[in-house]
Amino acid sequence: LDPMPPISSSSRRSLRHVIFFIFTIIYVIAIGVFITWLVTKRKKLHYSVQNASVQNLILTNDNYMSATFRITIQSYNPNHQLSVYYTSVQIFLVFEDQTLALNTIVEPFHQPRMNFTRIDDTLIVQNAAVPKSIGEDLRAQASLGNIEFEVFVKARVRFIIGFWWTAHRTANIKCSHVTVSLSQRNNFQNSSCYANI
């Protein structure tokens, strides 16, 4: 029998390159699966309205409204591995399905792991027309000293795991029963929010 020809050094190098390539592919796939698992199994972010107040509320007889609302929203990230990057945040103030004010926070910010972050915003309504029925209901609640709103938040977020950033996701957050006092003493009760990301 003829002896097998020796494997050349170039063949050995090619074999090592193939093995290295295969292991690299396996490693990248494993990391991708692990990160996907972390994102899908992450703990939910928690949101609540910590404070809400109104100043200079004016509602004319012909249903034009002006006011300055100050809202403080708290976000809690309970995850040990994930941090959150907010690209943009929009906050809407709603009364009986009517949007009274909105504001966009365009400055991006980062929320670390296991962290509470406060989002302070001011929403200004300047001589805005409201439907007659909305004006009547606003006056009725204002006469009792409190007005109940809903606060909606729409945010563009990315999750960060180490050096890995996920694609953008949209966070839709609804905070119901946000009761604003019209008296000087603002005894605000915190309002929990429902978040869908």
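- Between Lys154 atom NZ and Thr170 atom OG1 the span is 6.0 Å, to the nearest 0.5 Å.
- Shown here for Pro78 and Lys43, the closest heavy-atom pair between the two residues is CG-CB, 3.6 Å.
- Under the 4.5 Å side-chain heavy-atom criterion for ILVMFWY residues, no single connected hydrophobic cluster contains both Leu100 and Tyr64.
- The local environment of CZ in Phe152 is crowded, with over 12 non-hydrogen atoms from other residues, nucleotides or ligands closer than 6.0 Å.
- Under a cut-off of 6.0 angstrom, the local environment of NE2 in His177 is sparse, with at most 12 non-hydrogen atoms contributed by other residues, nucleotides or ligands.
- Within a 6.0 Å radius of CD in Gln126, no more than 12 heavy atoms belonging to other residues, nucleotides or ligands are found.
- Annotation: side chain of Cys193 is not in contact with side chain of Lys174 (no heavy-atom distance under 4.5 Å).
- When every heavy atom of Ser66 is checked against every heavy atom of Asn127, the shortest pair comes out as OG-N, 2.8 Å.
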Item to check | Audit row: Asn146, Val180, side chain to side chain contact (heavy atoms under 4.5 Å, CB included) steps and yes/no | outcome: CA-CA 6 Å; Asn146 298 290; Val180 176; over 6 Å; no

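- Side-chain contact check for Val84 versus Arg158: every heavy-atom pair is 4.5 Å or farther apart.
- Hydrophobic clustering (ILVMFWY, side-chain heavy atoms < 4.5 Å, transitive): Val157 and Ile160 are in distinct clusters.
- Panel note: side chain Asn77, backbone Asn79; a donor-acceptor pair is recorded below 3.5 Å.
- Between Phe188 and Ser53 the shortest side-chain heavy-atom distance does not fall below 4.5 Å.
- Between Ser176 and Glu150 the shortest heavy-atom distance is OG-OE2, 3.4 Å.
- Note on ring orientation: taking the six-membered ring where Trp is involved, the planes of Tyr47 and Tyr86 are perpendicular (angle over 60°, cut-offs 30° and 60°).
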Checklist entry - Does the pair Arg70 and Asp120 meet the rule for a side chain to side chain contact (heavy atoms under 4.5 Å, CB included), with working shown? => result CA-CA 7 Å; Arg70 289 184 171 82; Asp120 295 305; over 6 Å; no

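- The shortest heavy-atom contact between Gln50 and Ser48 is NE2-OG, 2.7 Å.
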Item to check | Residues Val54, Ile147; criterion side chain to side chain contact (heavy atoms under 4.5 Å, CB included); working and verdict | outcome: CA-CA 10 Å; Val54 60; Ile147 303 178; over 6 Å; no

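- The distance from the CD1 atom of Ile124 to the OG1 atom of Thr68 is 5.0 Å, given to the nearest 0.5 Å.
- The hydrophobic clustering, which links ILVMFWY residues whose side-chain heavy atoms are closer than 4.5 Å, places Met65 and Ile134 together.
- Here Ser181 contributes atom OG and Leu144 contributes atom CG; the two are 11.5 Å apart, rounded to the nearest 0.5 Å.
- Separating the OG atom in Ser143 from the CG atom in Leu182 is a distance of 9.5 Å, to the nearest 0.5 Å.
- Nearest heavy atoms, Thr179 versus Glu148: OG1-OE1, 3.7 Å.
- Looking at Pro112 and His110, their side chains come closer than 4.5 Å, going by heavy atoms from C-beta outward.
- What you find for Thr99 and Phe92 is that their closest heavy atoms are CG2-CD2, 4.2 Å.
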Checklist entry - When you look at Tyr194 and Ile173, which way does the side chain to side chain contact (heavy atoms under 4.5 Å, CB included) test go after all the steps? => result CA-CA 6 Å; Tyr194 169 78; Ile173 304 156; over 6 Å; no

Item to check | Gln90 and Ser88: CA distance, side-chain angles, deciding distance, side chain to side chain donor-acceptor pair (under 3.5 Å) verdict | outcome: CA-CA 7 Å; Gln90 284 186 307; Ser88 66; over 6 Å; no

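- Under a hydrophobic-cluster definition in which Ile, Leu, Val, Met, Phe, Trp and Tyr are linked whenever side-chain heavy atoms come within less than 4.5 Å, directly or via other members, Ile119 and Ile197 are assigned to the same cluster.
- Both Val178 and Ile105 are members of a single hydrophobic cluster when ILVMFWY side chains are connected at heavy-atom separations under 4.5 Å.
- For His46 and Ser75, the side-chain atoms include no donor-acceptor pair closer than 3.5 Å.
- The backbone N or O of Phe159 lies less than 3.5 Å from a partner atom in the side chain of Thr166, making a donor-acceptor pair.
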Item to check | Audit row: Asn196, Asn172, side chain to side chain donor-acceptor pair (under 3.5 Å) steps and yes/no | outcome: CA-CA 5 Å; Asn196 180 25; Asn172 292 299; over 6 Å; no

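- Once rounded to the nearest 0.5 Å, the distance linking CG of Asp137 with CZ of Phe95 reads 5.0 Å.
- A side-chain donor-acceptor contact under 3.5 Å links Gln111 to the backbone of Asn115.
- If you look at Phe149 and Phe69, their ring centroids are closer than 6.0 Å.
- Distance check: Asn51 CG to Gln74 CD gives 11.5 Å after rounding to the nearest 0.5 Å.
- A 4.5 Å side-chain heavy-atom check between Val153 and Val89 finds at least one atom pair inside the cut-off.
- Within a 6.0 Å radius of CZ in Arg139, more than 12 heavy atoms belonging to other residues, nucleotides or ligands are found.
- In this structure, the side chains of Thr72 and Val49 stay at 4.5 Å or more apart for every pair of heavy atoms.
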